[in-house]
Undergrad: 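Sharing a structure, written as structure tokens. Questions coming.
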Protein chains: 2
Amino acid sequence: MDQASFIVPAHSTAQQVYDWLHGRVLRGDLAPGERISETEIAGQIGVSRQPVREAFIRLTANGLAEVRPQRGTFIGRISLKAVLSARLIREAVESDLIRIVSSAAPDAAIAELDAQLAAQREASARQDVERFIELDDLFHRSLAIAAGHEDVWNVLEGLKSQMNRLRYITARVFDQQKLIDQHTAIVDSLRHHDPEQAEQAMRLHLRELLNDLPEIARSKPEFFTK
Amino acid sequence: MDQASFIVPAHSTAQQVYDWLHGRVLRGDLAPGERISETEIAGQIGVSRQPVREAFIRLTANGLAEVRPQRGTFIGRISLKAVLSARLIREAVESDLIRIVSSAAPDAAIAELDAQLAAQREASARQDVERFIELDDLFHRSLAIAAGHEDVWNVLEGLKSQMNRLRYITARVFDQQKLIDQHTAIVDSLRHHDPEQAEQAMRLHLRELLNDLPEIARSKPEFFTK
DNA sequence: TATACCATACTTCCATACAAGTCAACATTG
DNA sequence: CAATGTTGACTTGTATGGAAGTATGGTATA
């Protein structure tokens, strides 16, 4: 090993503030367009403005906030164009990945995916939205791993944050059963080593958002920008 | 228009410092692994440490620097895994885009691309590497625009910064003539409205990096991490 | 000579003070 | 009454001082 890379610095104050805010934004606890203030947040958690400010900068870099100098800082609205772009990218990338997987999917990987499907059904039955979203993420990540490209999934992490925000905000809207059925169709395609069918199933699945988006945008227009 | 969005804040000191450093990192003027210091940079350009520090944070968020608390800040090395992931993503996305374009490429767009090809040949003949890289970016962006998805290209901007850094560092290595030939093949496929051929030409083009990367990594190992 | 210790000069991190821009409410003026 | 000016309380931006951790080189010690 080149360096003892497992020596990582303890989480700084700024890092902790960032993690906290990041989570609140993703879960929709802080609503798009909502105003936040360095001094206010600093006062709430008992630190100075400095680490809070640095957290704001990082949120801005990730498209989750917008700083308007001398005016205020605001939780970023969800850009419909950005969401559509992210969706298109996901479709393109995951289509390629699923072809790789389907050409050589070991039985162990299939079994793992089947177990995940069961867990998804269980979470859906319990109406545990947060867990379901988590499992959905895991499902797609597992496919990337099976394709030997987990890194790709990590690189796309930033794009997904916008889509995740969308999912939390619209938790009650989307049809979990339909998503599970689509996941099942994908796994079945893998089971039969059918790359073409697998790709089509994946594309269909990832285009589901296109059906839901108009209604979502209509129901909460104040959360979105063009 | 909802808001007079053309009212944008003047560039702050921190923003200017960031732009300056960002450009220097991308052009390889600051080498991967090189150490930089808040106080030193601040002294060089005559500002306090604060805006420099904020620029460092943004560089870190974009994967261009690494801050090790109480130790120093270093220009990020180029992650080979990240580069390979970015390449795969580009191939997947641009393959989908080129299919869209080829199915309905207006003559005006084709003419524009032909003009760009001429400009590429001219820049290559003049050995103007910086201009060539710029034109290469423009070429791929133009394809995205022709597909009606310029936003997608913007979203991928972050990924490209790593690859651009690579290109500057290895400016003399890559074979510009080969790239131009591949670009030409892509445009020809569009001219004949042949989606399948266009996609294959694009994939071949974007896989070129896979041939070059081993040599690049061998020639400057200190610039890379696994 | 080799090793342990330690002073010192760095580094980033955090807190604080002040500067400058913005906005809204209110007073003033015609 | 309407328009204008002004004050003051906000906001983020910048500068600076000190806290705490780290690396380095010298020094004492075995």
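To find a chain, count down the sequence lines: A is the first, B the second, and so on, and within it residues start at 1.
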Undergrad: May I ask you to check whether E54(B) and Q50(B) show a side-chain donor-acceptor distance below 3.5 Å?
TA: yes
Undergrad: Closer than 4.0 Å, any side-chain N/O of S37(A) to the OP1 or OP2 of dC10(D)?
TA: no
Undergrad: How long is the line joining CD1 of I41(B) and C1' of dC10(C), in whole Å?
TA: 16 Å
Undergrad: Measure from CZ on F74(A) to C1' on dT11(D) and round the result to the nearest Å.
TA: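 In whole Å, dT11(D) C1' lies 9 Å from F74(A) CZ.
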Undergrad: R126(A): what forms a salt bridge (charged side-chain N to carboxylate O under 4.0 Å, His left out) with it, not counting sequence neighbours?
TA: E122(A), D128(A)
Undergrad: Could you tell me whether R203(A) and D96(B) make a salt bridge, using a distance below 4.0 angstrom between a side-chain N and a carboxylate O?
TA: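 Salt bridge present between R203(A) and D96(B).
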Undergrad: Within the 4.0 Å heavy-atom criterion, would you say I57(A) contacts the bases, only the backbone, or no part of the nucleic acid?
TA: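 Here I57(A) touches no strand at all.
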Undergrad: Identify all pairs in which a protein N or O lies below 3.5 Å from an N or O of nucleotides 13-16 of chain C, and state each distance.
TA:
from    : atom 1 : to     : atom 2 : distance (Å)
dC13(C) : OP2    : R53(B) : NH1    : 2.5
dC13(C) : OP2    : R53(B) : NH2    : 2.9
dC13(C) : N4     : R49(B) : NH2    : 2.6
dC14(C) : OP1    : T13(A) : N      : 2.6
dC14(C) : OP1    : T13(A) : OG1    : 2.8
dA15(C) : OP2    : S48(A) : N      : 2.9
dA15(C) : OP2    : S48(A) : OG     : 2.6
dA15(C) : O5'    : S48(A) : OG     : 3.4

Undergrad: For atom NZ of K160(B), is the number of surrounding heavy atoms from other residues, nucleotides or ligands below 6.0 Å larger than 12?
TA: yes
Undergrad: Looking only at heavy atoms, what is the nearest atom pair of L26(A) and Y168(A), with distance?
TA: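 Heavy-atom minimum between the residues: O-CD1, 3.3 Å.
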Undergrad: Is there a side-chain contact between R71(B) and the phosphate of dT12(C), meaning an N or O under 4.0 Å from OP1 or OP2?
TA: no
Undergrad: Look at the aromatic rings of H205(B) and H183(B) and report parallel, tilted or perpendicular, splitting at 30° and 60°.
TA: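 Because their plane-to-plane angle is over 60°, the rings of H205(B) and H183(B) count as perpendicular.
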